[in-house]
Amino acid sequence: MTLDQLRIFVAVAERQHVTRAAEALNLTQSAVSSAITTLEGRHGVALFDRVGRSIVLNAAGQVFLEEARAVLARASAAEDALDDLGALKRGRLSIQASQTIAGWWLPARLAAFHARHPGIRIDVAIGNTRDVAQAVIDGRAELGLVEGEVDEAALTRTVLDHDELVLVVAADHSMAQDGAGPPDLKTLSWVLREPGSGTRSAFEAALAERGLTVEDLDISMTLPGNEAVAAAVAAGVGATVVSRTVVAARLRSGEMASLPLDLPARPFWLLRHKQRYRSKAGETFLGLLPTS
């Protein structure tokens, strides 16, 4: 059974006339008659009574007419849904982002997208770089936004932006005095993000350039979030390396101080699956973002 057969049946049933139905559908009379005959023959049910040269919808046809109309209505609704998706009147955008991006970089960009396309539902999950990469691989997120390095054969990586890392301590820390030179990293007490986070990975890479590892440092705390790390540092627990955006307000207020340390800018990466479907909502959102 095809949608075309259903449309032809409904047209004939509503007009009780093959010729008029053919004219309305812009089909030949023989094509309409053939479609009705095929439909009845395939299912072994007569839908019309042939009375002389006329056809009359019978009891079976009356029952089937209701079902056929319902199916055609659902098909029309499905077509409308696809049209809406294509026009971004409805749909869903799924993103998973690491904490720095989700907390400070992403919100303004999501707001701009929502203002243009309010019918698109935006679902955002937060995780560390490792979690985000796995979500994109598994299909739980269409777009992944991370700060850390990812090397997964199933994913593509594109640089979206860059972030400045800064070494910070509490304002009353002994190293926060004017004129203090670059600190000896091994003499500081440290508060770090958890392994697998982009911030932690960037810091470990900076240590490696200096011939150090985290095992060479005095780690006081390992915490699973930027705010927790920043609060601990502001309370005097130790030093950390974090995105300047995360601690900008604390630096301006004098609650924290930055120490001189040459740290390379780190990229913000867009992760996408190489083979999964790419929605129009996702493509449109990315079109609003700067790319490097």
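Listed by chain and residue number, nothing satisfies the side-chain hydrogen bond (donor to acceptor under 3.5 Å, both in side chains) test with Asp131 (two or more places apart in sequence, or in another chain). Checked against side-chain hydrogen bond (donor to acceptor under 3.5 Å, both in side chains), Thr222 has no partners two or more places apart in sequence or in another chain. Qualifying salt bridge (charged side-chain N to carboxylate O under 4.0 Å, His left out) partners for Asp138, counting only residues two or more places apart in sequence or in other chains: Arg140. Legend: residues meeting side chain to side chain contact (heavy atoms under 4.5 Å, CB included) with Thr213, ordered by chain and number and at least two apart, are Glu215, Asp216. Annotation: side-chain hydrogen bond (donor to acceptor under 3.5 Å, both in side chains) contacts of Thr240 (sequence neighbours excluded): none. For the side-chain hydrogen bond (donor to acceptor under 3.5 Å, both in side chains) test, no residue two or more places apart in sequence or in another chain qualifies with Gln275.
Residues Val51 make up the rest of the hydrophobic cluster containing Val56, defined by ILVMFWY side-chain heavy atoms closer than 4.5 Å, directly or through other members.
Residue pairs meeting the ring-ring contact (aromatic ring centres under 6.0 Å, His included) criterion with at least one member in residues 219-277, sequence neighbours excluded, are Trp105-Phe268. Residue pairs satisfying the salt bridge (Lys or Arg N to Asp or Glu O under 4.0 Å) criterion with at least one member in residues 1-12, sequence neighbours excluded, are listed as follows: Asp4-Arg7. Residue pairs meeting the ring-ring contact (aromatic ring centres under 6.0 Å, His included) criterion with at least one member in residues 13-62, sequence neighbours excluded, are Phe9-Phe48.
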Only pairs under 3.5 Å count here: list side-chain donor-acceptor contacts from residues 113-120, not counting sequence neighbours, and write none if there are none.
residue: Arg116; atom: NH1; partner: Ala112; partner atom: O; Å: 3.1

Could you go through residues 85-97 and list every donor-acceptor pair under 3.5 Å that involves a side-chain atom there, pairing it with any protein atom two or more places apart or in another chain?
residue: Arg90; atom: NE; partner: Asp84; partner atom: OD2; Å: 3.3
residue: Arg90; atom: NH2; partner: Asp84; partner atom: OD2; Å: 3.1
residue: Arg92; atom: NE; partner: Asp123; partner atom: OD2; Å: 2.6
residue: Ser94; atom: OG; partner: Glu142; partner atom: N; Å: 3.0

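Interatomic distance, OG of Ser34 versus CD1 of Ile8, reported as 8.5 Å (0.5 Å rounding).
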